Participant: 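There's a structure below that I have some questions on.
None of the values given here were measured: they were computed from a predicted structure. These values consider heavy atoms only, across backbone and side chains, with no hydrogens, waters or symmetry-generated copies. Throughout, protein chains are lettered first and strands after them, A, B, ... in sequence-line order, and every chain is numbered starting at 1.
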There are 2 protein chains.
Amino acid sequence: MSGETLTISDRIQKGLDDLTRAERQLAHSILENYPASGLGPLSALAKDANVSGPTVARMVQKLGFKGYPEFQAELREELKAKVKNPIAKHDTWAEGAPSEHLLNRFTDEVIENIRHTLGQIDPNDFDAACRTCADTNHHLYIVGGRITHTLAEYLFLHMQLIRPKITHVQSTSNAWPHYLLDVEDGDVFVIFDMRRYENNTLKLAEMAHAKGARLILFTDQWRSPVHHLAEISFSSRIVVPSAWDSAVSPLLLLETMISTVQGLTWGDTKDRMEALEDMFDQTKLFRKFT
Amino acid sequence: MSGETLTISDRIQKGLDDLTRAERQLAHSILENYPASGLGPLSALAKDANVSGPTVARMVQKLGFKGYPEFQAELREELKAKVKNPIAKHDTWAEGAPSEHLLNRFTDEVIENIRHTLGQIDPNDFDAACRTCADTNHHLYIVGGRITHTLAEYLFLHMQLIRPKITHVQSTSNAWPHYLLDVEDGDVFVIFDMRRYENNTLKLAEMAHAKGARLILFTDQWRSPVHHLAEISFSSRIVVPSAWDSAVSPLLLLETMISTVQGLTWGDTKDRMEALEDMFDQTKLFRKFT
DNA sequence: TCTTCTTTGTAATAAATCTTTCAGAATTCT
DNA sequence: AGAATTCTGAAAGATTTATTACAAAGAAGA
């Protein structure tokens with residue numbers, strides 16, 4: 001990044017703080033589909049960002065251009081230059097870092113993980129698991145291990161907003177046997193177990209299974225021993241250039257599941273509905289500042 | 001790859017023989033700097049190709065467009081699609097599920113999030129942040145909010161293995177002011193704050209900053225107000241087809257950071273990990289590997 | 001709470017861009 | 001070589017696009 005000219009994208013990001021609300025909205029809209037959106041007519045860009053035309057005109061002047069056409073001209077110059085340059089450079093994720101930089105290597109690997117993980121998933125299993133998690137006739141237990149309890153906690157936090165009858169069990173705590181007392185036939189356990197698989201988790205799974213609970217397992221590509229007991233298992237690829245494993249692919253599955261379950265239970269519990277509406281409103285408020 | 005539309009470039013090349021002299025001149029000019037030259041005003045393109053305006057107008061009509069603006073619109077659409085990283089382009093992630101299935105839509109969006117997030121990262125900032133987190137001369141505090149505390153916890157769990165002098169502060173708890181008592185000049189705070197930004201987190205950040213602490217912030221694309229105080233900020237794109245936001249991109253950054261920090265401190269980490277393995281063996285928490 | 005300053009959008013104005021018409025040039029065909 | 005056809009560009013007209021002026025809304029400060 002030495003003697004290189006700053007791209008418009010860079011300049012916008014740099015000055016993001018000095019912008020007003022409408023201008024920031026616009027800035028994000030430009031960056032969203034950069035540079036395509038800036039190459040269209042001013043009015044289209046304005047509409048896309050939900051701001052008025054003059055706001056666009058003022059913004060490009062703030063960026064140091066005489067007018068919108070001049071701004072577009074530079075965008076086109078940038079584009080020309082980028083297309084001409086050797087491909088390798090913008091084939092990286094973090095532009096400005098060499099492809100050997102860990103940011104790029106790590107991300108490459110994570111994307112591969114996601115591709116493999118999704119490629120191995122049976123959509124029917126997935127849908128079935130979501131329906132099971134959405135079923136409020138039975139209690140839902142969520143179990144994580146030493147590291148995976150963060151994933152479990154993440155699922156729990158969201159499920160808490162979506163449905164009742166839900167418990168977060170920490171297999172690392174020695175209090176977990178108490179939770180099992182109340183388990184009934186048909187109850188559901190979502191269990192996280194990645195290498196190195198934990199004895200406590202396996203024991204817990206066995207006992208839950210013995211009591212007639214149905215098990216949904218999130219594990220890694222080598223599969224926790226729990227998977228013999230599980231009704232449905234999801235294996236994620238988790239290997240990255242690191243001394244530890246990646247939680248990205250399982251998290252992706254998890255978030256998709258949360259979204260699906262919330263879609264399924266839509267309209268159920270009224271209290272939660274209202275809470276959700278409230279959250280939506282707040283989300284919209286945020287949108288305003290986008 | 002079935003119903004894919006031909007690009008304008010393809011169409012021009014295909015029909016190159018049926019064109020007249022002036023049109024062929026023009027065609028070559030368009031392909032010369034594709035697609036940049038086609039995105040400028042008609043007159044500029046005409047001048048560039050040494051043909052008249054009407055020739056351009058007729059040519060785009062010959063290509064099947066109603067007019068030059070429509071031609072440009074399609075060029076921009078092409079550009080939009082092209083900018084998306086080829087690796088990210090994937091018809092369906094979960095084979096066996098239609099592309100409208102949430103598994104595929106969600107993953108598409110997450111990949112886009114990753115692309116945007118990485119695209120906006122300054123590798124120098126990233127490296128600097130990693131060095132700061134690896135520096136054991138100062139205490140490292142990790143702060144998360146209501147939802148983000150899972151990310152904070154994840155970082156904490158790994159950092160714990162990598163380095164000493166580390167504390168996980170929960171801004172949601174009302175005990176956090178106690179932690180601030182011991183903060184010294186030069187201590188480091190890694191703070192997680194995504195929308196909706198939490199007042200507690202901001203207050204905590206302000207107080208830490210006032211005591212001379214250095215702040216590293218993980219936030220979303222709209223940036224928590226904390227970023228005014230932060231030495232280094234990382235903004236992740238977090239929007240997915242869901243009522244909630246995605247934690248995938250920030251997690252990816254986090255894991256990359258963990259890996260980098262552990263690389264920086266390898267000698268120490270090794271000892272710590274061995275000691276830890278010993279302790280785990282004694283508690284028989286994990287199963288033995290086969 | 002009222003004032004002041006900034007920000008933002010509407011509407012009018014100015015400017016440019018695109019399209020069409022038409023006549024001359026080039027090409028083709030007989 | 002001459003006529004018919006096709007191609008091309010200048011100029012005028014039509015349309016779209018960008019800019020400016022101004023007033024209302026909103027934020028900040030007293």
Participant: Atom NZ of residue position Lys47(B) - does it have more than 12 heavy atoms of other residues, nucleotides or ligands inside 6.0 Å?
Facilitator: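 Open.
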Participant: Could you check how far CZ of Arg21(B) sits from C1' of dG9(D), rounded to whole Å?
Facilitator: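 Going from CZ in Arg21(B) over to C1' in dG9(D) covers 10 Å.
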Participant: Between atom CD in Gln61(B) and atom C1' in dT19(C), what is the gap in whole Å?
Facilitator: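 The answer, rounded to whole Å, is 8 Å.
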Participant: Phosphate oxygens OP1/OP2 of dA16(C): is one of them under 4.0 Å from a side-chain N or O of Ser43(B)?
Facilitator: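 Ser43(B) to dA16(C) OP1/OP2: no side-chain N or O under 4.0 Å.
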Participant: Which nucleotide sits closest to the side chain of Ala22(A): dG9(C), dT19(D), dT19(C)?
Facilitator: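 Of dG9(C), dT19(D), dT19(C), dG9(C) is nearest to the side chain of Ala22(A).
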Participant: Measure CZ/Phe71(B) against C1'/dC18(C) and give the value in whole Å, please.
Facilitator: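 Atom CZ in Phe71(B) sits about 14 Å away from atom C1' in dC18(C).
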Participant: Taking Arg223(B) first and then Asp17(A), would you say they form a salt bridge - that is, a charged N and a carboxylate O separated by under 4.0 Å?
Facilitator: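 A salt bridge links Arg223(B) with Asp17(A).
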Participant: Taking only the side-chain nitrogens and oxygens of Thr20(A), find out if one of them lies under 4.0 Å from OP1 or OP2 of dT8(C).
Facilitator: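 The answer is yes; a side-chain N or O of Thr20(A) sits under 4.0 Å from OP1 or OP2.
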Participant: Could Glu206(B) and Lys211(B) be called an ion pair, given the rule that one side-chain N must be under 4.0 Å from one carboxylate O?
Facilitator: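 Result for this pair is no, no salt bridge flagged.
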Participant: What nucleotide, of dG9(C), dC18(C), dA18(D), holds the atom closest to the side chain of Thr55(A)?
Facilitator: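 Closest nucleotide among those given: dG9(C).
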Participant: Roughly, in whole Å, what's the span from CD in Glu23(B) to C1' in dC7(D)?
Facilitator: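 My rounded result for the distance is 9 Å.
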Participant: Hey, is the side chain of Ser52(B) poking within less than 4.0 Å of OP1 or OP2 on dA10(D), counting only N and O atoms?
Facilitator: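 Checking dA10(D) against Ser52(B), no side-chain N or O comes under 4.0 Å of OP1 or OP2.
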Participant: Taking the nucleotide of DNA chain C with the closest heavy atom to each, which residue, Lys62(A) or Ala44(B), is nearer the 5' end?
Facilitator: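 This one resolves to Lys62(A).
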Participant: Nearest-Å distance, CD (Glu70(A)) to C1' (dA18(D))?
Facilitator: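 Answer to the nearest Å: 14 Å.
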Participant: Counting distance only, does the side-chain N/O of Glu109(B) pair as donor-acceptor with the main-chain N or O of Phe106(B) below 3.5 Å?
Facilitator: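 The answer is no, because no donor-acceptor pair under 3.5 Å joins these two groups.
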Participant: Just how far, in rounded Å, is P of dT19(D) from CD of Gln72(A)?
Facilitator: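 It works out to 9 Å between those atoms.
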Participant: Taking for each residue the nucleotide of DNA chain D bearing the nearest heavy atom, is the 5' side occupied by Arg58(A) or by Pro41(A)?
Facilitator: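 In this pair, the answer is Pro41(A).
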Participant: Which word best sums up how the rings of Phe234(B) and Phe126(B) line up, parallel for under 30°, tilted for 30 to 60°, or perpendicular for over 60°?
Facilitator: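 Aromatic pair Phe234(B)/Phe126(B) classed perpendicular.
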Participant: Measure from CG on Leu39(A) to C1' on dT17(C) and round the result to the nearest Å.
Facilitator: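 Computing the Leu39(A):CG to dT17(C):C1' distance gives 16 Å.
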Participant: Can you tell which of dT19(C), dA18(D), dG9(C) lies closest to the side chain of Pro54(A)?
Facilitator: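 Taking heavy atoms from C-beta onward, the closest nucleotide is dG9(C).
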Participant: Measure CG/Leu26(B) against P/dC7(D) and give the value in whole Å, please.
Facilitator: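 It works out to 15 Å between those atoms.
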